[in-house]
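To keep things clear, I will list the structure first and then write my remarks on it.
Computed from a predicted structure; not experimentally measured. Side-chain atoms are counted along with the backbone in the values below, which use heavy atoms only and exclude waters and symmetry mates. First listed ligand is number 1; within each ligand, the first listed atom is number 1.
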Amino acid sequence: MSFRSRTHTCGELRASHAGETVTLNGWIHRVRDLGGLWFADMRDRNGLVQIALDPEKFANRAEIRPECCLEVTGVVTLRDEKTKNAEMPTGEIEVVLTSYSLLSPAKPLPFPVSDESQMASVSEELRLKHRYLDLRRSYMYRSLAMRSSANQRLRNFLSARGFLEVETPIITKSTPEGARDYLVPYRQEAGLWYALPQSPQQYKQLLMVSGVERYFQIARCFRDESSRADRQPEFTQLDIEMSFIAEEDILTLNQEMVREVVNGLITEFGLDKEPVGDFPRMTYAEAMSLYGCDKPDIRFGLELFDVTSIVSGSEFGVFQNTIEGGGVIRGVRYPGGSGLSRKEVGVLEDFSREFGAKGMASISFIAEGEGVALPDGLIAKSSITKFFTPEQLQAIADAGKAEAGDLFCFIADGYEAGNNVLYRLRLEIGDRCGLRDPRKLAYMWVTDFPLFEWDADGQRWSAMHHPFTAPKTEDIPLLAETPGKARAQAYDMVCNGSECGGGSIRINQSDLQAQMFGLLGIDAATQEERFGHLLEAFSYGAPPHGGIAWGMDRLIMLLADTENIREVIAFPKTGPGMDPLMNAPSTIDSQQWAELGLKRG
Ligand code: ASP
């Protein structure tokens with residue numbers, strides 16, 4: 001078997017190469033053997049080109065089967081006008097073979113990598129078991145290429161601004177980000193364990209104490225959580241930390257970086273997306289009040305509204321009882337929803353119940369027809385209008401900015417429980433009305449998060465971001481008496497309704513950090529054992545610092561228009577955290593058990 005070096009890639013050949021003798025390496029994508037005529041598409045990472053041969057001269061041509069690996073030499077030849085293929089960049093030419101050599105034959109594949117239309121019926125398990133074949137698909141290759149380009153662009157952006165890329169350990173000690181650790185036994189002394197990092201958080205802060213000032217890392221993080229479609233046990237973050245900065249500096253730098261990187265990728269890969277603009281900002285309290293959640297999808301309006309004071313004192317028991325119990329009545333507008341049948345409204349009620357609502361009340365606002373005529377001209381229609389005066393109904397219409405054809409959906413509940421339903425209802429309505437435009441990347445910042453959230457199961461405070469997050473300076477006095485009211489110097493980057501990054505200004509004083517640990521229920525001895533290194537480091541001139549991390553996988557998911565994180569990772573795990581390709585996790589032999597000093601449970 002001769003192996004000449006390739007002269008060209010398949011995808012680069014054009015009419016201007018006509019007459020040249022070329023040598024190509026690649027795979028056979030599809031074969032069309034028509035007896036007297038023989039064609040095939042040959043593929044490499046740059047694209048496809050048609051090759052042709054004279055069946056009389058190549059008696060062994062049946063060995064050229066789909067997905068075999070081949071070297072061919074031939075002459076680039078212009079196709080006839082009628083056989084040109086405008087769909088293919090190389091469609092004006094074909095390569096007429098003078099010789100070929102089969103570099104590596106291929107058995108029939110477990111699924112057809114050359115026919116996207118058949119891939120929907122192939123199970124993901126089978127694709128993952130043969131991931132090396134799945135990655136031959138141009139769709140999959142493109143997501144690897146996008147990742148690679150994103151990494152390159154981030155490195156260029158940050159290096160140009162004086163950031164140092166520093167690698168931090170993978171085998172280390174537990175650092176809390178709120179998930180379970182992956183643990184690795186220490187062979188040399190039974191009973192000791194390493195943890196894989198949930199993030200490089202403590203190391204990057206220690207690098208600030210070291211005077212690095214500007215750090216970044218494209219860091220692998222490990223969290224032992226039950227996998228969901230959008231989570232993986234190991235995932236990649238762009239991790240950043242800076243000294244001598246304020247929150248504003250981080251927000252500005254990251255907005256600039258996202259815009260430069262994402263807009264560059266949109267152009268490079270010809271993505272059907274609008275360029276990313278300025279990121280609007282919203283406090284956590286505003287986001288909860290307008291959108292019912294801390295990761296709003298602001299591609300559309302339909303903000304939530306409150307009618308508690310308008311309906312207070314009415315005869316409508318469901319509303320009145322909620323208000324008397326300290327709850328609120330809030331609603332969301334469904335444009336065009338007045339046309340829904342009773343049954344279709346029932347579907348929305350069931351949807352609300354699924355997320356904990358006791359029920360959902362609704363009022364339609366129409367231009368004409370039966371119902372209560374309102375002072376400003378609309379007509380309100382619902383089984384509950386009888387409990388309200390026309391003026392109250394008008395005030396409700398105004399609160400939600402009613403337009404003819406709207407259905408207002410109301411949830412009566414505690415503020416948080418109601419939000420939990422309303423934010424989903426709003427997204428559902430957005431989907432139904434086609435308002436979640438996939439061409440838009442609506443990035444934004446959510447700021448001023450609470451420092452703590454109450455963990456009802458554990459009956460204690462837990463850190464909303466992580467224990468290293470600094471409180472707002474003016475809220476430090478609240479820590480002693482009302483920690484639940486303290487706000488954090490923390491911010492999240494949100495896009496299209498998903499959190500895609502988050503960070504904070506950190507605590508850099510040992511005593512404040514110890515107070516924070518104390519509030520989280522970590523006693524002095526445990527603090528010393530788990531975080532003594534950090535508390536000590538903060539006593540040697542720790543600079544003020546802060547940072548952020550964003551999920552690289554999520555970024556690529558947004559650009560590749562997929563909800564499935566496995567589509568953007570070369571070798572991902574399945575739902576239960578298994579790798580069907582390598583067969584991991586796997587058993588270990590008895591010698592390994594013994595060496596590690598472990599006993600089978
Ligand atoms: N370590 C944090 C996280 O993984 C990010 C940060 O605070 O910089 O979410």
Side-chain angles (χ1 to χ4, degrees), residues 154 158 163-170 172-182 195-209 212-225 230-243 245-251 253-255 257-258 284 294-295 445-453 462-472 487-495 498-508 513 516 520 530-531 534 542-555 565:
L154 292 167
L158 291 165
F163 282 78
L164 220 60
E165 184 169 8
V166 184
E167 291 167 83
T168 55
I170 293 293
T172 174
K173 182 168 168 154
S174 175
T175 188
E177 294 282 356
R180 195 177 288 125
D181 287 323
Y182 276 100
L196 306 186
Q198 294 187 30
S199 84
Q201 186 62 35
Q202 292 186 63
Y203 284 113
K204 67 173 174 173
Q205 291 192 239
L206 293 170
L207 285 170
M208 295 303 107
V209 182
V212 166
E213 292 192 28
R214 289 177 165 222
Y215 144 95
F216 83 99
Q217 182 177 196
I218 298 177
R220 197 64 65 82
C221 303
F222 303 86
R223 298 185 191 176
D224 187 1
E225 296 172 300
D230 62 347
R231 295 267 171 95
Q232 278 281 298
E234 54 179 307
F235 60 94
T236 310
Q237 285 187 340
L238 171 68
D239 197 41
I240 291 178
E241 198 73 9
M242 301 166 81
S243 294
I245 41 87
E247 181 167 337
E248 183 60 38
D249 301 301
I250 299 194
L251 303 193
L253 176 97
N254 279 273
Q255 168 177 309
M257 176 161 52
V258 170
Y284 173 86
D294 59 6
K295 43 181 185 341
W445 291 111
V446 178
T447 62
D448 295 33
F449 276 80
L451 189 59
F452 298 105
E453 56 191 342
S462 69
M464 187 120 176
H465 185 45
H466 51 49
F468 315 111
T469 295
K472 292 228 171 234
R487 289 162 308 156
Q489 298 189 54
Y491 31 82
D492 269 1
M493 192 200 292
V494 171
C495 183
S498 307
E499 182 204 324
C500 43
S504 55
I505 299 297
R506 325 297 183 186
I507 296 170
N508 69 327
Q513 185 65 73
M516 182 74 182
L520 294 169
R530 291 181 58 195
F531 304 110
L534 196 70
H545 62 284
I548 190 167
W550 8 305
M552 290 301 294
D553 309 287
R554 178 157 300 285
L555 174 75
I565 191 170

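At a heavy-atom cutoff of 4.0 Å, ligand 1 is surrounded by E177, S199, Q201, K204, R223, Q237, H465, H466, G502, G503, R506, G547, I548, A549.
No side-chain heavy atom of D181 sits less than 4.5 Å from a side-chain heavy atom of D224. Side-chain contact between Y203 and T172 is present, with heavy atoms from C-beta onward closer than 4.5 Å. No side-chain heavy atom of R554 sits less than 4.5 Å from a side-chain heavy atom of M493.
Side-chain atoms of E247 and T447 include no donor-acceptor pair closer than 3.5 Å. Between the side chains of W550 and N254, at least one donor N or O sits under 3.5 Å from an acceptor N or O.
Note on K472 versus D448: salt bridge recorded, some NZ/NE/NH1/NH2 to OD/OE distance being below 4.0 Å.
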